[in-house]
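Each remark here refers to the structure printed beneath this line.
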Amino acid sequence: MTVRNMTPPYHRGCWQFVWTAALICLAETGPPCPSAAAERSFGGMHLSTQQTSAPESPLPIFELHSGFWVNLHHFLYLQARLSNGNPSSTDISRGQAPPNENLAPLLDFPAKEIQVWQDAIAFYAKDLARRDLLLNGDMQNINDRLSDMETCPDLEGKTSPSCKSGLRPELIEVLERAAPVFRAHWWPLQDRSNREWIAQVSPMVQRMGVELSGQLADIYQRTWPSKRLRVDVVWYGGPFGAYTSLSPTHVTISSHDARNRGVYGFEVLFHESSHALAGSVTEAIAREFRQRDKPIPRELWHALLFYTTGEMVRRDVLYGATANADQQDHDSDSSTYQTYASRFGLYSGSWVRFRGMLDLYWLPYLDGRISFDTAIARLAAAM
């Protein structure tokens, strides 16, 4: 049996000569994103990007955006959920959700603005807020299209043919009418929160993103995506704080969710990006369970993704890859660091057993002691 020693338990140094590349792109209604070699000063933050000295290396090139339209959409979705009596965060037993949000107050707003905003919430509450942001194809399309319209002052193509979103006319009307109210009262605070999150996470990507992306690509036996990964940073990112749609890969992540702060924001960013690599895992799990005539555990693949990214980040924290004089809290302390899934209670319910099985049969693969196929086969045999 051939064992692929892709991720030993110590911190590898063979990647250290490679510069990391983190493409930081902040846009409101300004010009398009600069090229990967550019430097840009935006909103008082000087954000630079670097090209790698090894063109063939699996660069974790992220386009990190704080976009007006996609933030407006998610904020209306949140307000409509709250008006329907739904919690702002996950209401299932697995996972420690942050405190529930309250409806945004409209005190001292002009009567016309109150009516426009309440009409927008009512429109979302009737239908869109009842849909899943990720699993509903229409919601995915809305998110993708609004992301593309980031630099557009309108969504109908009035100012430019490139700003014709193709969304339903009634949705366009609601968003365009609500836009001035959102821009005047909530957008400055939310945009600042998004930018602060980007400023906090991007140095971590620059310090250890290349190594981590290489590890994850090796582990999942897939090539890291060659195209830039679009990441929309939003104030509200759905009940779980983040989600990822595929074809194309599009990560949406909350800057306001307490679960996404500090090094956990970095871990979540790479966990979400790992969804683009997870095909080999889901295929192997399905194959091994079917061969044994066993039901396929619905969430095993997702628990495995959380486990893997968390373990890789934990090792990098342990060996100093994320050491930073500006990070003195326990989240980046190697002696106390807990992975995201452990810290926020994901290992409960059926996931308690998943964690035990992953410790026994997946961890040896991460240590380079057994092969990918052997690890998945042993998982299936033991469950």
Side-chain angles (χ1 to χ4, degrees), residues 1-4 6-7 86-87 89-97 130-140 216-222 238-247 249-251 259 267-268 270-312 338-383:
M1 177 183 67
T2 301
V3 178
R4 299 177 68 250
M6 81 291 290
T7 313
N86 300 122
S89 191
T90 175
D91 58 354
I92 62 175
S93 59
R94 179 177 58 78
Q96 297 173 6
R130 302 178 188 276
R131 304 184 186 186
D132 190 285
L133 286 168
L134 174 61
L135 300 180
N136 183 275
D138 192 30
M139 296 301 282
Q140 286 190 41
L216 294 174
D218 282 347
I219 288 167
Y220 298 125
Q221 302 183 354
R222 291 289 174 93
F240 297 96
Y243 65 98
T244 300
S245 56
L246 303 175
S247 300
T249 303
H250 183 187
V251 177
R259 295 169 293 187
E267 184 179 330
V268 169
F270 274 85
H271 164 78
E272 292 296 332
S273 303
S274 293
H275 283 253
L277 308 174
S280 60
V281 171
T282 57
E283 293 164 6
I285 288 174
R287 181 186 67 245
E288 294 296 334
F289 275 83
R290 284 171 183 155
Q291 286 179 357
R292 291 164 175 79
D293 197 26
K294 291 183 175 182
I296 302 170
R298 183 167 173 241
E299 288 285 323
L300 176 59
W301 70 273
H302 205 192
L304 185 149
L305 257 63
F306 269 110
Y307 185 97
T308 301
T309 306
E311 178 62 16
M312 293 301 101
Q338 291 179 289
T339 67
Y340 179 98
S342 296
R343 173 75 181 274
F344 298 111
L346 269 64
Y347 295 125
S348 59
S350 62
W351 282 40
V352 173
R353 188 183 183 200
F354 290 163
R355 182 180 186 177
M357 295 294 100
L358 292 168
D359 282 339
L360 287 172
Y361 304 114
W362 184 249
L363 185 60
Y365 170 61
L366 299 185
D367 290 339
R369 293 186 278 121
I370 61 175
S371 70
F372 175 88
D373 289 338
T374 300
I376 299 296
R378 289 179 179 177
L379 274 171
M383 298 204 56

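From a predicted model like this one, the values you see are computed outputs, not experimental measurements.
Here the side chains of Thr308 and Val281 are not in contact, with every heavy-atom distance at 4.5 Å or above. For the pair Arg378/Ile370, a side-chain contact is recorded, criterion being any heavy-atom separation below 4.5 Å from C-beta on. In this structure the side chain of Ile285 reaches within 4.5 angstrom of the side chain of Ile296, judged on heavy atoms. Taking the side chain as every heavy atom from C-beta outward, Arg355 and Ser342 approach each other to under 4.5 Å. Considering only heavy atoms from C-beta on, Thr249 stays 4.5 Å or farther from Glu272 through its side chain.
For the atom pair Leu305 CG and Phe270 CZ, the distance stands at 13.5 Å (nearest 0.5 Å). From Leu133, atom CG reaches atom CD of Gln140 across 9.5 Å, with rounding to the nearest 0.5 Å. Here the CG-CG distance, from Leu379 to Leu358, works out to 6.0 Å after rounding to the nearest 0.5 Å. With rounding to the nearest 0.5 Å, the separation of CG in Leu300 from CD1 in Ile376 is 7.5 Å.
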Item checked: Steps toward side chain to side chain contact (heavy atoms under 4.5 Å, CB included) verdict (Arg259, Val268) -> CA-CA 9 Å; Arg259 295 169 293 187; Val268 169; over 6 Å; no

Item checked: Check against side chain to side chain contact (heavy atoms under 4.5 Å, CB included), Tyr243 and Val251 -> CA-CA 6 Å; Tyr243 65 98; Val251 177; over 6 Å; no

Next item on the list: Verify ring-ring contact (aromatic ring centres under 6.0 Å, His included) between Tyr365 and Phe372, making sure each step is shown before the conclusion.
Entry: CA-CA 6 Å; Tyr365 170 61; Phe372 175 88; 5.7 Å; yes

Next item on the list: Apply side chain to side chain contact (heavy atoms under 4.5 Å, CB included) to the pair Met383 and Arg353, showing each step before the final yes or no.
Entry: CA-CA 9 Å; Met383 298 204 56; Arg353 188 183 183 200; 4.3 Å; yes

Checklist line | Stepwise side chain to side chain contact (heavy atoms under 4.5 Å, CB included) test for Trp362 and Ile219 | finding: CA-CA 11 Å; Trp362 184 249; Ile219 288 167; 3.8 Å; yes

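Closest approach of Pro297 and Phe289 over heavy atoms only: CD-CE2, 3.4 Å. Of all heavy-atom pairs between Asp132 and Leu134, the closest is OD1-N, 2.8 Å. The shortest heavy-atom contact between Leu216 and Ser274 is CD1-OG, 3.5 Å.
Between the side chain of Lys294 and the backbone N or O of Glu288 there is no donor-acceptor pair closer than 3.5 Å. The backbone N or O of Tyr220 sits less than 3.5 Å from a side-chain atom of Ser280, completing a donor-acceptor pair.
For the pair Arg287 and Glu283, the salt-bridge criterion is not met [side-chain N within less than 4.0 Å of a carboxylate O].
Residues that satisfy the side chain to side chain donor-acceptor pair (under 3.5 Å) test with Asp359, not counting sequence neighbours, are Tyr307. Scanning for ring pair (Phe, Tyr, Trp, His ring centres under 6.0 Å) contacts around His275 gives His271, Trp301, His302, with sequence neighbours left out.
Aromatic pair Tyr340/Phe306: centroids less than 6.0 angstrom apart.
More than 12 heavy atoms of other residues, nucleotides or ligands lie within 6.0 Å of CZ in Arg292, so this atom counts as buried by the packing criterion.
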